[in-house]
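What follows is a single structure, written as structure tokens, with notes after it.
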Amino acid sequence: MRPPLGPAFSTQLLLWFDAHQRALPWRGAPSPYAVWVSEVMLQQTRVESARHYYERFMQRFPDVAALAQADEQDVLQHWAGLGYYARARNLHRAAQIVSREHSGKIPDDPTRFASLPGCGPYITAAVQSIAFGAPLAAVDGNVKRVLARLDADPFPVNHTRAHRHYLPRAQELLSPHRPGDHNQAMMELGALICTPRNPDCPRCPVAAFCTARAQDTAHRLPVREKKQRAPLRHFVSVILVHRRRYLLFQRPAKGLLGGLWEFPSTERTAQETAQEACARYVHALTGHSGAVPQHATQLQHAYTHFRLHIDVYYCPVPSRALQAPTQLPHRWLPLDDVADFPLSSVNQKILRWAQQHNARP
DNA sequence: AAGCCGGGGAT
DNA sequence: ATCCCAGGCTT
């Protein structure tokens, strides 16, 4: 049996939030557009990671019209390094829809807003409650953790149906008077007090309502399903140079790192060394068989579903002709111009290496 | 329902 | 090394 909470819970929560919330760039009477941009950036992304990107993005695209008119490459350029690039592409498309079909005004109707690309249940509840006062509970990773502890609920928070499971409880607790602040307060509580490890129960404003606190089991909640470890894959990236110009490819519009640019790269098979893979790739790319790739550096990186080991090579070639036209857009660029293209985090590291070594190993 | 999609900070 | 974050889309 759950303790009867009623409005007492949100009263205590909001008192704490009013006194202890962090000063963040998207707080303090933000425009609906500012709320939207911040919520999209904060998906699966910590506040401190998104903060700088948010400031820069809002300076460059201050309103829906500015974003709608922008070139997608410009939008990606301001997102490069933040990850989950479909967020940027969807936000850009959504801004164009708002501009064309809603006279530039962000819909204050949850159903219409939810039909925009990138606007799922969480974004919709967050934006509609914070910007327009709609009484919709926003359920993210923080909220699920807080609720799991509040009720000592063993339902795994990373289960496919976790959102469906925790939403009714979140909705029942939601303050009808200040739904936007209540939603932010739940997330702020999860970020500052009810943290994944070592929750600070003595300083929790709603500890009196918490079943896990009463049972002293907060440190063992929430329950989480095991997931298998990401496999390791080996890639070779090559800094291909012809007369101080560097070859860059653009990745396909969809899928991993969609629309971003990168130094040429290929996956290494188990049967070849990195050096052999690089020579094989350069030959396939340029037809030039006498290439002697020089090892530049190694990088490690982790994506959600696999880990990456990358050997980076430096390889001058005698011609700019490409043998097998890869269908993918490419450019031969002066090193100083490469940074003007949206690069993934890994390729930003490769670029920095090239700059530091002045293009020579 | 399960898989795909980034990156970094905390532990 | 592992976890996990202001999740949504595709299949």
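Every chain is numbered from 1 and lettered A, B, ... according to where its sequence line falls, protein lines coming before strand lines.
Between A/Tyr53 and A/Phe57, the ring centre distance reaches or exceeds 6.0 Å. Here the two rings, on A/Tyr303 and A/His301, have centers that are under 6.0 Å apart. You'll find the ring centres of A/Trp261 and A/Phe249 outside the 6.0 Å limit. Between A/Tyr84 and A/Trp79, a ring centre-to-centre spacing not shorter than 6.0 Å is recorded. Taking the ring centroids of A/Phe235 and A/His309, they lie at or beyond the 6.0 Å cut-off.
Comparing B/dG9 with C/dG8, their P atoms sit 24 Å apart, to the nearest whole Å. B/dG3 sits 25 Å from C/dA6 when the P atoms are compared, rounded to a whole Å. Comparing the P positions of B/dG8 and C/dC9 gives an interatomic distance of 24 Å, to the nearest angstrom.
Within 4.0 Å (heavy atoms only), A/Gly81 reaches sugar-phosphate atoms of the nucleic acid but no base atom. Within 4.0 Å of A/Ser344, counting heavy atoms only, lie sugar-phosphate atoms of the nucleic acid but no base atom. A/His163 comes within 4.0 angstrom of nothing in the nucleic acid, heavy atoms only. Using a 4.0 Å heavy-atom distance criterion, A/Trp36 is classed as making no nucleic acid contact. Residue A/Arg251 is out of contact with every strand shown, counting any heavy-atom pair closer than 4.0 Å. The residue A/Arg164 sits close only to the backbone: its heavy atoms come under 4.0 Å of sugar-phosphate atoms, none of a base.
As rounded to whole Å, 19 Å separates atom C1' of C/dG8 from atom NE2 of A/His92. In this structure, the NZ atom of A/Lys349 is 6 Å from the P atom of B/dG8, given to the nearest Å. Taking atom CZ of A/Arg87 as the reference point, atom C1' of C/dC9 lies 14 Å away to the nearest angstrom. Spacing between atom OH of A/Tyr85 and atom C1' of C/dG8 amounts to 17 Å, rounded to whole angstrom units. One can place CD of A/Gln43 at 14 Å from C1' of B/dG7, the figure rounded to the nearest angstrom. Atom pair A/Met187:CE and C/dC5:P shows a separation of 13 Å (rounding to whole Å applied). What separates CD of A/Gln300 from P of B/dG8 is a distance of 14 Å, to the nearest Å. One interatomic measurement links the two molecules: CG of A/Leu221 to P of C/dC4, which rounds to 12 Å at whole-angstrom precision.
Toward the 5' end of DNA chain B, the nearer of the two residues A/Arg161 and A/Gly255, judged by each one's closest nucleotide, is A/Arg161. Mapping A/Gln184 and A/Arg93 onto DNA chain C via the closest heavy atom, the residue that lands nearer the 5' end is A/Gln184. Of the two residues contacting DNA chain B, namely A/His159 and A/Gln44, the nearest-nucleotide position lying further toward the 5' end is that of A/His159.
In the set C/dA6, B/dG6, C/dC4, the nucleotide with an atom closest to the side chain of A/Tyr303 is B/dG6. With C/dC9, B/dC4, C/dA6 as the choices, the nucleotide that has an atom nearest any side-chain atom of A/His305 turns out to be B/dC4.
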Go through A/His78 and A/Arg60 one step at a time and tell me if the side chain to side chain donor-acceptor pair (under 3.5 Å) criterion holds.
CA-CA 8 Å; A/His78 285 76; A/Arg60 173 63 186 84; 4.7 Å; no
Take A/Leu308 and A/His234 through the test side chain to side chain contact (heavy atoms under 4.5 Å, CB included) and record every step on the way to the result.
CA-CA 6 Å; A/Leu308 215 50; A/His234 295 266; over 6 Å; no
Side chain to side chain contact (heavy atoms under 4.5 Å, CB included) between A/Leu189 and A/Phe17, worked out:
CA-CA 8 Å; A/Leu189 187 70; A/Phe17 183 64; over 6 Å; no
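A/Arg145 has a side-chain polar atom (N or O) that falls below the 4.0 Å cut-off from OP1 or OP2 of C/dC5. Residue A/His301 has a polar side-chain atom (N or O) positioned under 4.0 Å from OP1 or OP2 of B/dG7. The side chain of A/Tyr84 contributes no N or O atom lying less than 4.0 Å from OP1 or OP2 of C/dG8.
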Between the protein and nucleotides 9-11 of chain B, are there any N/O to N/O pairs under 3.5 Å, and if so, what are the atom names and distances?
none

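Taking hydrophobic clusters as Ile, Leu, Val, Met, Phe, Trp and Tyr residues chained together by side-chain heavy-atom distances below 4.5 Å, A/Val282 shares a cluster with A/Leu328.
Between the side chain of A/Ser345 and the base of B/dG6, no donor-acceptor pair of N or O atoms lies under 3.5 Å.
Aromatic ring pairs are classed by plane angle as parallel below 30°, tilted from 30° to 60° and perpendicular above 60°; the pair A/His182 and A/Phe9 is tilted.
Other residues, nucleotides and ligands contribute at most 12 non-hydrogen atoms within 6.0 Å of the CZ atom of A/Arg112.
Within a heavy-atom distance below 4.0 Å of DNA chain C, the residues of residues 113-123 of chain A found are A/Pro117, A/Gly118, A/Cys119, A/Gly120, A/Pro121, A/Tyr122, A/Ile123.
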